[in-house]
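Remarks on the structure that follows.
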Amino acid sequence: MIGIAIKMLLDNKTRLVITILAIAVLFFLSAAQVGLLVGWCSTTSAIIRHTDADIWVMARQTPAFDYGTSIPENRIYQVRSVPGVAWAEGMFMAWNTWQCPDGRRVNVELVGLDDDCVGGPWSLRAGRVEMVHLPDTVIVDELFLSALGVRGVGDEVEMYGRRAMIGGISQEVRTFTASPFIFTSMKTARKYDKRYGDDEVTYVLARCVPGQSPEQVRDAILENVPQVGCLTSSQFAVLTMKYWMLETGVGITVVVTAVLGFLVSAVVISQTLYAITQDHLENHAALLALGFGRLQLSFMVLVQSVLLGTLGTGLGSAIYFYAARMSSRTPIPMETTPEVFSGIVLTSFLFCLLASFLALRTLFRVDPGQVFRV
Amino acid sequence: MLRCRDITKGFNEGGRRQEVLRGVTLDCQPGDKCVLFGPSGSGKTTLLSILGCILSPCSGALEIDGQPIRHRSKSQMVAVRRRNIGFVFQHAHLLPFLSMEENVRAVARNAGMSRGDIAHRMDEVFDRLGIGDLRRKSPRKASGGERQRVAIARALIHRPSIVLADEPTAALDWQNGQTAVRLLCESVEQDGAVLIAVTHDTRLLEFFDRRFQIDQGIVLEQ
């Protein structure tokens with residue numbers, strides 16, 4: 001039956017090729033949307049995930065990493081004194097204005113690092129992260145050099161009327177907000193942002209002593225340090241992702257587009273299978289008369305559906321991985337994980353099987369007796 | 001081999017009941033070559049559909065190879081069609097996207113024949129019908145006569161005990177039609193099967209040893 005099903009599909013090669021291309025494009029559309037979503041989720045929480053800390057202490061009601069507000073610097077010492085904390089450091093994070101050499105102004109997210117540079121860029125093309133401790137020195141990402149109007153190390157710009165010099169170039173430190181991250185020291189950051197006092201920080205980052213769970217230490221910090229919010233790193237990453245994906249509606253838009261891609265794909269397959277079944281009604285009737293059962297013919301339609309799905313999804317996957325590779329060095333990367341991609345492929349196959357419903361319905365109405373009437 | 005008793009069949013048409021078969025009784029033995037002839041609308045095709053387990057009668061009993069047919073059991077009817085019956089239709093009804101031999105092989109495999117048996121039987125039937133050179137040909141590129149001969153091969157490949165032929169010559173010219181019927185009768189005789197052919201062409205009656213006339217739903221043997 002599988003052989004007959006394949007040959008029936010191959011009977012109209014033009015239709016087959018067009019259908020496979022349509023499924024591939026629609027699969028790519030859906031996979032790309034999910035890939036963007038995964039990429040965005042990853043981007044929104046990149047600094048949190050790459051920071052070697054177990055705990056983030058912040059102002060209460062902080063909705064996301066990008067919207068932290070000031071807390072007193074002495075919280076660092078208070079956190080250090082909590083049982084179970086191995087070390088703690090401060091971090092500064094605030095929106096600022098970058099003035100390009102050509103006079104343009106660009107909104108940036110200014111990140112000030114403490115002595116150990118925890119939370120700094122995790123991959124550098126030029127310079128070292130410790131360079132942020134040099135006076136008026138910042139690190140920018142290579143993806144945003146042109147947006148920031150600079151070419152490389154040594155270029156000078158202005159931050160809020162103060163000199164800033166490029167001391168290093170990071171790699172793949174993307175931003176979801178379209179405002180590039182600028183890394184510097186906490187001391188320099190406070191100079192650039194007068195809204196913060198010299199005794200204020202945005203976050204306190206802490207690591208637990210071995211054997212202590214982040215959840216236990218988090219609870220201990222909440223008990224011992226007044227007027228702060230405290231989350232484990234994974235909680236803070238999820239909170240930030242949820243904020244951008246759900247609160248802003250971006251996630252829903254992307255998910256809706258992905259689902260639409262699957263639905264249109266199902267309609268295309270459904271239309272094709274229905275057309276193939278209609279074209280071969282007489283042949284199906286002959287097969288029924290010759291002793292083939294309806295279940296065998298249904299199996300044939302399902303085989304055709306799975307074949308279309310496999311070929312379309314295979315081609316779509318190849319296009320997706322090529323596009324994902326191309327996008328990996330851009331501010332908007334398409335990313336995926338084995339689990340997510342398997343989910344997309346399974347969903348696609350599920351829709352393919354659902355698409356065969358119309359054809360199966362037609363098949364169950366075929367009268368084998370019609371071979372005597374033609 | 002094939003026994004039917006008091007088969008009746010009627011249809012509702014436009015609110016009126018129309019009786020097509022009115023108590024048909026037939027007994028056919030292996031090797032019988034039967035022809036069923038009569039005017040259009042006399043019930044020939046309906047009877048053939050019932051004997052072929054495609055239609056169910058309203059009443060009466062049908063027995064194929066000693067096995068009573070329960071017409072309410074769709075799976076039994078499919079199984080009987082698959083193993084015990086060979087069909088030759090008015091038009092060959094070959095699957096156009098398969099080659100000639102693939103068309104025949106599909107029926108053989110569906111009947112549960114082994115690969116070795118299929119290969120041996122295909123050689124035998126194709127040789128007997130003189131269509132060995134058509135094996136790889138597409139039905140689309142074959143003539144009507146060639147297609148009908150392959151359809152005969154398809155009907156015989158799984159050694160059915162009953163071969164039903166519905167107007168097997170209707171789509172062919174006289175020469176090709178005669179050849180097809182002669183080959184069909186010879187093959188059925190060699191296989192020891194029952195052949196029941198339906199025709200309205202009285203010139204073909206000489207090929208058959210039992211002739212049944214059907215008129216207004218009643219069958220009479222001549």
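We name chains A, B, ... by the order of the sequence lines, and we start the count at 1 in each one. Atoms considered below: every heavy atom in the structure, side chains included; atoms not considered: hydrogens, waters and symmetry mates.
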**Report entry** Identified side chain to side chain contact (heavy atoms under 4.5 Å, CB included) counterpart of I7(B) within the set T46(B), L21(B), L26(B)
**Finding:** L21(B)

Query raised in the report: Which of parallel (below 30°), tilted (30 to 60°) and perpendicular (above 60°) describes F321(A) and F341(A)?
Result: tilted

Query raised in the report: Picking from G293(A), A285(A), A289(A), which has the most non-hydrogen pairs under 4.5 angstrom with chain B?
Result: A289(A)

**Report entry** Part of R105(B) within contact of chain A (heavy atom distance under 4.5 Å)
**Finding:** neither

**Report entry** Least distance between heavy atoms, V163(B) atom then P160(B) atom
**Finding:** CG2-CG, 4.0 Å

Query raised in the report: Based on non-hydrogen pairs under 4.5 Å, which of M1(A), K7(A), H280(A) is most in contact with chain B?
Result: K7(A)

**Report entry** Per-residue contact mode, E167(B) against chain A (heavy atom under 4.5 angstrom)
**Finding:** neither

Requested in this report: Below 4.5 Å from any heavy atom of chain A, which atoms of R154(B) appear? Answer side chain, backbone, both or neither.
Outcome: side chain

Query raised in the report: If we ignore angles and hydrogens, is there a donor and acceptor under 3.5 Å between the side chains of S42(A) and R174(A)?
Result: no

**Report entry** Salt-bridge criterion met for E247(A) and K242(A) (N-O under 4.0 Å)
**Finding:** no

Query raised in the report: Side chain, backbone, both or neither: which part of L287(A) has a non-hydrogen atom closer than 4.5 Å to chain B?
Result: side chain

Report summary line: Counting heavy-atom pairs under 4.5 Å with chain A, the top scorer among V198(B), L95(B), I85(B) is L95(B)

Query raised in the report: At a heavy-atom separation under 4.5 Å, does L94(B) approach chain A through its side chain, its backbone, both, or neither?
Result: backbone

Query raised in the report: Where do Q296(A) and G291(A) come nearest, in terms of heavy atoms and distance?
Result: OE1-O, 4.1 Å

